[in-house]
Number of protein chains: 2
Amino acid sequence: MLARRLRAAGSLSTMDEVMLSRLHWDVVDIPAKTDFLKEGDRPNRCCLLIDGLIIRSNFTQGGERQIQSVHIPGDMPDLQSLHLKQMDHYIGTVSPCRVAFISHDAILRTLERSKDLTARFWRETLIDAALYRAIIVRNARLGSTERLAHFICEMWCRFDAVGLTDASGFPFAMTQEMVGQVLGLSIVSVNRSMQLLRAEGLVVWDRGRIDILDWDRLAGLGQFDPTFLHLDD
Amino acid sequence: MLARRLRAAGSLSTMDEVMLSRLHWDVVDIPAKTDFLKEGDRPNRCCLLIDGLIIRSNFTQGGERQIQSVHIPGDMPDLQSLHLKQMDHYIGTVSPCRVAFISHDAILRTLERSKDLTARFWRETLIDAALYRAIIVRNARLGSTERLAHFICEMWCRFDAVGLTDASGFPFAMTQEMVGQVLGLSIVSVNRSMQLLRAEGLVVWDRGRIDILDWDRLAGLGQFDPTFLHLDD
DNA sequence: CGACCCTTTGAAAGGAATCAACTTATGTGG
DNA sequence: CCACATAAGTTGATTCCTTTCAAAGGGTCG
């Protein structure tokens with residue numbers, strides 16, 4: 001899973017493949033809606049999401065949650081903890097998740113022996129940052145329906161990049177309330193925007209699954225340009 | 001300048017200091033309001049800001065600018081280009097800037113010889129990402145005046161961390177319109193929020209200089225917690 | 001002095017939030 | 001298998017904050 005993801009930036013050397021395959025992973029199942037990393041924590045390991053959805057979020061003093069990123073299988077949502085010791089946010093599951101943990105020490109020992117692997121792990125964190133930048137623009141400058149369209153396009157592309165889409169759709173376990181916490185919108189706005197997209201024949205979102213009916217118009221509406229995903233440079 | 005910044009995460013070894021001091025920098029002056037890196041560019045060098053203010057921004061299809069980050073002396077605003085080949089945003093000056101360029105090759109050759117320096121450069125990009133995350137929460141969940149207060153607190157802390165503050169304030173060359181492009185607000189809202197902060201006796205912003213009169217109340221209003229800056233882990 | 005840029009002000013319009021139901025799924029136990 | 005409880009989605013009415021529009025001050029610099 002990890003090797004497949006890292007190969008998105010070009011093939012790995014045989015030695016790097018071997019080193020990755022020898023890493024000791026601790027596979028754990030985590031129930032839905034569980035924050036397993038909290039603000040202030042100082043973890044000594046990272047996780048690789050194998051199955052499920054994970055969100056990164058923070059709270060205002062009033063207790064409102066803002067989701068900063070949504071992670072899909074193949075992502076390492078807390079890779080930044082390798083060099084930023086203290087967590088400044090929460091990491092939690094949306095749906096029941098299978099997660100593989102690996103110690104910081106093991107990663108660091110492996111990276112010491114391959115500058116190419118170091119570059120690829122570093123690059124993964126840089127792509128995370130590119131997604132944040134796109135989110136800042138989307139949430140500040142697009143209207144509610146455009147934001148939702150953009151978000152759905154992003155999710156499609158990322159699911160597609162790891163082979164988790166079928167002909168027209170992908171599984172998507174978030175609620176409308178959570179999507180509101182991603183986009184900085186109320187649940188009512190998300191609902192109405194979704195109805196617009198549905199009425200226009202662009203998207204169907206039903207029972208944990210999104211199907212895209214008209215990619216071109218959806219991407220046009222959301223001003224979606226996949227460059228920021230850096231799926232291939 | 002760079003060494004000072006990197007030392008924020010602990011002292012450097014003598015060998016690392018020597019390697020840094022031997023890097024060849026190309027020092028250039030860039031006039032105000034100039035985007036010297038554009039979306040789609042594939043730069044082969046990075047820059048270190050020595051003096052002035054630099055912004056990272058993107059545009060909607062309607063031509064509205066959203067500023068994603070503000071960079072102050074000591075920052076390397078385009079360090080991500082080391083491993084993300086294609087620019088997905090613009091980098092430009094606010095005020096006249098002095099910038100030192102260094103080739104990717106030179107950085108990579110240096111980092112190959114020091115895993116500690118690699119970690120510190122990597123960490124710089126991770127802190128950038130932490131700032132983006134804080135911006136996502138701030139711009140989505142805080143009201144206009146709170147956003148402005150939070151932004152001013154962030155700027156103060158970062159200027160202070162590189163020794164560019166005096167007793168109560170720091171130089172700040174942005175216009176209200178630009179701050180609006182940072183916070184996702186209209187210039188009118190920025191102006192009115194600023195008047196509120198001024199009337200409350202929290203901040204004075206006049207002629208390219210910000211002075212903070214009441215840090216505690218300002219930070220309280222902006223729900224500002226400097227943890228996300230990772231100034232010391 | 002005048003042009004230009006930036007700040008400030010007032011009034012009106014608009015989009016999203018909020019509030020408060022109601023409806024539809026999902027799930028549990030009797 | 002149905003009764004009930006709970007979670008998620010839907011709807012309408014109202015309120016509020018921010019934007020937009022338009023114009024007037026204020027500084028700075030050639």
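Throughout, a chain's letter reflects where its sequence line sits, starting with A, and its residues are numbered from 1.
Atom CH2 in A:Trp205 sits roughly 16 Å away from atom P in C:dA25 (whole-Å rounding). Rounded to an integer number of Å, the gap from A:Leu196 CG to C:dG15 C1' is 13 Å. Counting to the nearest Å, the P atom of D:dT10 and the CD atom of A:Gln195 are 6 Å from each other. The separation between B:Met178 atom CE and C:dT7 atom C1' is 15 Å, rounded to whole Å. Spacing between atom CD of A:Gln66 and atom P of C:dA17 amounts to 11 Å, rounded to whole angstrom units. Protein atom CG of A:Leu148 is 12 Å distant from nucleotide atom P of D:dG9, rounded to whole Å.
Of the candidate nucleotides C:dC6, C:dA25, C:dC19, C:dC6 has the atom lying nearest to any side-chain atom of B:Thr175. Proximity note for B:Gln176 (side chain, C-beta onward) versus C:dA17, C:dA25, C:dT8: the nearest is C:dT8. Checking D:dC21, C:dA16, C:dT7 against every side-chain atom of A:Ser144, the shortest atom distance belongs to C:dA16. Taking only side-chain atoms of B:Ser186, from C-beta outward, the nucleotide of C:dA16, D:dT11, D:dT20 with the closest atom is D:dT20. Picking from C:dT7, D:dT18, D:dT11 the nucleotide with the shortest atom distance to the side chain of B:Asn191 gives C:dT7.
Under the 4.5 Å side-chain criterion, counting only non-hydrogen atoms from C-beta, A:Ile55 is in contact with A:Arg65. With a 4.5 Å cut-off on side-chain heavy atoms, B:Phe151 and B:Val190 do not count as touching.
Nucleic acid contact for A:Arg198: sugar-phosphate only, since backbone atoms but no base atoms lie under 4.0 Å from a heavy atom of the residue.
Counting atom types as modelled, A:Arg192 pairs no side-chain N or O with a base atom of D:dG9 as donor and acceptor under 3.5 Å.
In this structure, B:Tyr132 has its ring center no closer than 6.0 Å to that of B:His89.
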